[in-house]
Amino acid sequence: MSEKKEPLVIREEAGTIYYCLCGKSSKLPYCDNSHEGTDCKPYELIIEKSREVSICTCGETSNPPFCDGSHFNC
Ligand code: FES
């Protein structure tokens with residue numbers, strides 16, 4: 001039986017955040033520009049007010065980079 005991959009819950013401060021969507025970043029869930037030379041682009045999110053977000057770690061979400069509860073089906 002494989003271990004369920006729970007979402008990563010992190011607190012983001014107000015500002016512009018770039019989440020990695022290519023999977024190559026060494027600073028996941030954040031972009032470190034490792035996508036350069038590929039067709040992939042990071043997901044830009046402007047956070048107006050500090051808040052907690054749930055980041056998908058199972059790869060099954062339909063709303064990347066955020067958890068949509070799909071890990072319950074993994
Ligand atoms: S390093 Fe993955 S999108 Fe930038």
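Numbers here simply count residues along the sequence, with the first being 1.
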For residues 50-59, run the donor-acceptor check on the side chains, cut-off 3.5 Å, and write out each pair with its distance to 0.1 Å, sequence neighbours left out.
unit_1: Ser50; atom_1: OG; unit_2: Glu13; atom_2: OE1; d: 2.8
unit_1: Thr57; atom_1: OG1; unit_2: Glu6; atom_2: O; d: 2.6

Any residue meeting side chain to side chain donor-acceptor pair (under 3.5 Å) with Thr38, in chain and number order, not counting sequence neighbours: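 Not a single residue meets the side chain to side chain donor-acceptor pair (under 3.5 Å) criterion with Thr38.
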Qualifying residues under side chain to side chain donor-acceptor pair (under 3.5 Å), relative to Thr16, sequence neighbours excluded: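 Listed in chain order: nothing, the list is empty.
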Which pairs of donor and acceptor atoms, one on a side chain in residues 39-48, lie under 3.5 Å apart (sequence neighbours left out)?
none

Do you know which two heavy atoms are closest between Cys20 and Cys22, and how far apart they sit?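 For Cys20 and Cys22, the tightest heavy-atom pair comes out as SG-N, 3.4 Å.
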The criterion is side-chain contact (heavy atoms from CB on, under 4.5 Å); which residues satisfy it with Asn63, sequence neighbours excluded?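 Residues passing side-chain contact (heavy atoms from CB on, under 4.5 Å) with Asn63: Thr61, Phe66.
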N/O donor-acceptor pairs under 3.5 Å from side chains in residues 27-36, not counting sequence neighbours:
unit_1: Tyr30; atom_1: OH; unit_2: Glu12; atom_2: OE1; d: 3.2
unit_1: Tyr30; atom_1: OH; unit_2: Glu12; atom_2: OE2; d: 2.9
unit_1: Asp32; atom_1: OD1; unit_2: Ser34; atom_2: N; d: 2.9
unit_1: Asp32; atom_1: OD1; unit_2: Ser34; atom_2: OG; d: 2.5
unit_1: Asp32; atom_1: OD2; unit_2: Ser26; atom_2: N; d: 3.0
unit_1: Asp32; atom_1: OD2; unit_2: Ser26; atom_2: OG; d: 2.9
unit_1: Asp32; atom_1: OD2; unit_2: Ser34; atom_2: OG; d: 3.2

